[in-house]
Amino acid sequence: MPELPEVETVARSIAPLVGRRIVAAEFRCRRLLRGGDPNRMAAALAGRQIAGIQRFGKFILIHLDRGYLMVHLGMTGRLLLGGPQGKHTHAVLTFDSGSLLYDDSRQFGCIQYSVRVPKRLARLGPEPLEVSFEDFYARTRRRKTKIKALLLNQDFVRGIGNIYADESLFRAGIHPLALAGRLKKERVRRLYHAVQEVLTEAIEAGGSSISDYVDAEGRAGWFQMRHRAYGRTGEPCLTCGTPIRRLLVAQRSSHFCPKCQKR
DNA sequence: ATCGGTACCTGCACGC
DNA sequence: TGCGTGCAGGTACCGA
């Protein structure tokens with residue numbers, strides 16, 4: 001579910017935890033820990049104070065007074081401040097008052113504790129809202145892959161997922177199958193600005209709630225009302241009226257206007 | 001080094 | 001009502 005705007009919204013909504021101390025931690029799903037031991041993690045977290053919260057692409061890095069807790073929401077992960085626990089509540093952090101729940105029906109997300117900043121974060125590309133155009137452009141050069149696949153690659157830039165890739169390509173007028181390395185500089189520039197525009201608007205809208213995404217306070221986003229391509233297969237293009245088409249790129253559905261978006 | 005394909009899970013909507 | 005199919009915001013890993 002969550003891409004950069006959703007993760008940013010979640011990260012902001014758990015900001016009230018900064019300064020609070022973890023009284024107890026419980027992990028009920030081994031898969032979620034990616035090899036970590038539930039009891040050792042719980043022991044390491046008990047007594048720790050939240051020092052800060054940072055987002056890296058789709059990852060949330062919670063700084064503790066000793067070590068880091070890295071959270072990825074996968075497709076269906078949620079962080080919730082309090083609220084009822086369900087059959088997919090896989091982790092619970094208890095504070096002196098209140099709690100933070102991790103809920104994830106598909107179990108594609110992960111939570112990892114480490115003393116140092118996890119190495120995975122160092123391999124990610126730059127933040128799309130901070131990268132310069134020259135760097136963004138340079139990263140597309142000599143790439144033989146399709147532009148849609150490149151946008152989804154977190155080592156290219158971090159945080160873009162299926163929705164915002166489609167929305168950005170639509171606004172830039174670029175076909176998802178266009179080869180990244182062959183795009184002219186001015187077309188890459190349009191894409192660069194489209195990515196920033198779409199992500200900025202989506203953050204302002206609190207993200208996209210397609211089926212069940214909500215922030216830690218249970219609030220849904222409304223950027224789905226602004227989608228022009230994603231999920232609009234068969235509906236008229238808002239620019240030219242041509243029906244939006246869907247095809248598979250990198251095994252992900254891609255929605256685009258066959259008339260407005262050129263290869 | 002890069003690329004495409006597959007695996008990992010559960011839930012839901014759909015047609016029969 | 002049940003059953004099979006396809007689809008879903010994600011990444012990691014494999015072989016070519």
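Chain A is the first sequence line, chain B the second, and so forth, proteins listed ahead of strands; every chain is numbered from 1.
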- Task: To the nearest Å, give me how far apart CG (A:Leu32) and C1' (B:dC8) are.
- Result: 14 Å

- Check the distance between C:dG9's C1' and A:Leu79's CG and give it to me in whole angstrom. 15 Å

- Task: Identify whether the distance between the nearest side-chain nitrogen and carboxylate oxygen of A:Asp96 and A:Arg20 falls below 4.0 Å.
- Result: yes

- Mind checking what makes ring-ring contact (aromatic ring centres under 6.0 Å, His included) contact with A:His90, not counting sequence neighbours? none

- Can you name the residues that form a side-chain hydrogen bond (donor to acceptor under 3.5 Å, both in side chains) with A:Arg48, not counting sequence neighbours? A:Asp65

- Message: Both conditions, 6.0 Å and 45 degrees, for the charged tip of A:Arg189 above the ring of A:Tyr137: are they met here?
- Response: no

- Item | Rounded distance (Å) that lies between atom P of C:dG9 and atom CZ of A:Arg106 | 8 Å

- Would you say a side-chain N or O of A:Lys58 is under 4.0 Å from OP1 or OP2 of C:dG9? no

- Atom CD of A:Glu3 and atom C1' of C:dG9: how far apart are they, to the nearest Å? 5 Å

- Query: Between C:dA8 and A:Arg246, is there an OP1 or OP2 to side-chain N/O distance shorter than 4.0 Å?
  - Reply: yes

- Message: Please report the distance, rounded to the nearest Å, between CD in A:Gln107 and P in C:dA8.
- Response: 20 Å

Under 3.5 Å, N/O pairs linking protein and nucleotides 11-13 of chain B:
| residue | atom | partner | partner atom | Å |
| --- | --- | --- | --- | --- |
| B:dG11 | OP1 | A:Lys87 | NZ | 2.9 |
| B:dG11 | OP1 | A:His88 | NE2 | 2.8 |

- Sorted by chain and residue number, the salt bridge (Lys or Arg N to Asp or Glu O under 4.0 Å) partners of A:Arg141 (sequence neighbours excluded) come out as none

- Query: Does any residue of residues 131-162 of chain A have a heavy atom under 4.0 Å from DNA chain C, and if so, which ones, in number order?
  - Reply: A:Gln154, A:Gly161, A:Asn162

- Separation of atom CG in A:Leu124 from atom C1' in C:dG10, rounded to whole Å: 13 Å

- Quick one: salt bridge (Lys or Arg N to Asp or Glu O under 4.0 Å) partners of A:Arg252, sequence neighbours excluded? none

- Message: Just to verify, what does A:Tyr192 make a side-chain hydrogen bond (donor to acceptor under 3.5 Å, both in side chains) with, not counting sequence neighbours?
- Response: A:Gln196

- Message: Are A:Phe156 and A:Phe136, when compared by the centres of their aromatic rings, separated by less than 6.0 Å?
- Response: yes

- Can you list the residues that meet the ring-ring contact (aromatic ring centres under 6.0 Å, His included) rule with A:His175, with sequence neighbours excluded? A:Phe256

- Look at the side-chain N and O atoms of A:Ser253 and state whether any lies under 4.0 Å from the OP1 or OP2 oxygen of C:dA8. yes

- Task: Step by step, work out the salt bridge (charged side-chain N to carboxylate O under 4.0 Å, His left out) result for A:Lys185 and A:Glu134.
- Result: CA-CA 10 Å; A:Lys185 194 168 190 177; A:Glu134 289 303 330; 3.5 Å; yes

- Which part of the nucleic acid, if any, lies within reach of A:Ser209 when heavy atoms closer than 4.0 Å are counted: base, sugar-phosphate only, or nothing? base

- Query: In whole Å, what is the span from the CD atom of A:Glu6 to the C1' atom of C:dA8?
  - Reply: 14 Å

Write out a two-atom table: protein N or O, nucleotide N or O from nucleotides 12-16 of chain C, distance below 3.5 Å.
| residue | atom | partner | partner atom | Å |
| --- | --- | --- | --- | --- |
| C:dA12 | OP1 | A:Arg120 | NE | 3.2 |
| C:dA12 | OP2 | A:Arg120 | NE | 3.4 |
| C:dA12 | OP2 | A:Arg120 | NH2 | 3.4 |

- ring pair (Phe, Tyr, Trp, His ring centres under 6.0 Å) contacts in which one or both residues fall within residues 28-57 of chain A, not counting sequence neighbours: none

Using a 3.5 Å cut-off and no angle test, enumerate the donor-acceptor pairs between side-chain atoms of residues 107-122 of chain A and protein atoms at least two apart in sequence or in another chain.
| residue | atom | partner | partner atom | Å |
| --- | --- | --- | --- | --- |
| A:Gln107 | OE1 | A:Arg31 | NE | 3.2 |
| A:Tyr113 | OH | A:Arg66 | O | 3.2 |
| A:Ser114 | OG | A:Arg116 | O | 2.7 |

- Item | Rounded interatomic separation in angstrom, taking NE2 from A:His72 and P from C:dT11 | 4 Å

- Task: May I ask you to verify if any side-chain N or O of A:Tyr164 is less than 4.0 angstrom from the OP1 or OP2 atom of C:dG9?
- Result: no

- Message: Measuring from the side chain of A:Phe108 (C-beta onward, heavy atoms only), which nucleotide among C:dG9, B:dG5, C:dG10 has the closest atom?
- Response: C:dG10

- Using Watson-Crick and G-U wobble pairs with both distances under 3.5 Å, what is the 5'-to-3' dot-bracket string of DNA chain B, with [ ] for crossing pairs and | for pairs outside the strand? .|||||||.|||||||

- Out of curiosity, does A:Ile203 fall in the hydrophobic cluster containing A:Ile210 (side-chain heavy atoms, cut-off under 4.5 Å, transitive links)? yes

- Message: Quick one: does any side-chain atom of A:Gln261 pair with a main-chain N or O of A:Pro258 as donor and acceptor, under 3.5 Å?
- Response: no

